[in-house]
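For reference, the structure is listed below as structure tokens.
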Amino acid sequence: MIRSLERAGIAAFAAALFAAPAVLTAPAAHAAAGRPAGDDVYRTWFTSHARCVAEGQGGIDRGHWEHYTCSEGDWFWHLWTNR
């Protein structure tokens with residue numbers, strides 16, 4: 001019983017990690033909790049919203065991209081940028 005619950009939990013976790021978040025056509029420049037633009041590039045995921053925003057803003061400060069979006073997933077925050 002425990003093993004089957006453990007396997008189901010692992011399968012749900014893996015499915016959530018590899019599931020693509022919904023993409024809308026409107027860009028969300030410097031968005032704290034928006035949806036990525038259609039041409040944005042997926043960067044990575046974070047366990048907290050604050051860390052996602054800090055990394056997104058850090059990329060702007062370093063000149064790596066012009067805008068970023070932190071979209072909320074089931075368990076993680078996902079960083080999307082325009083480059």
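Side-chain atoms are counted along with the backbone in the values below, which use heavy atoms only and exclude waters and symmetry mates. Keep in mind that what you see is a predicted model, and the values were worked out from it rather than measured.
Closest of all the heavy-atom pairs between H49 and C70 is CD2-CB, 4.4 Å. Across all their heavy atoms, G56 and L79 have their closest contact at CA-CD1, 3.9 Å.
In this structure, W80 and V41 have side chains that are not in contact, with every pair of non-hydrogen atoms separated by 4.5 Å or more. Looking at heavy atoms from C-beta onward, Y68 lies out of side-chain contact with D40 at the 4.5 angstrom threshold. Between W65 and I60 there is a side-chain heavy-atom pair separated by less than 4.5 Å.
If you run side-chain contact (heavy atoms from CB on, under 4.5 Å) between T47 and each of W77, W75, F76, only F76 comes through.
Here CD of Q57 is found 13.0 Å from NE2 of H67. Values are rounded to the nearest 0.5 Å.
Sorted by first and then second residue, the salt bridge (charged side-chain N to carboxylate O under 4.0 Å, His left out) pairs with a member in residues 52-61 read R51-E55; sequence neighbours excluded.
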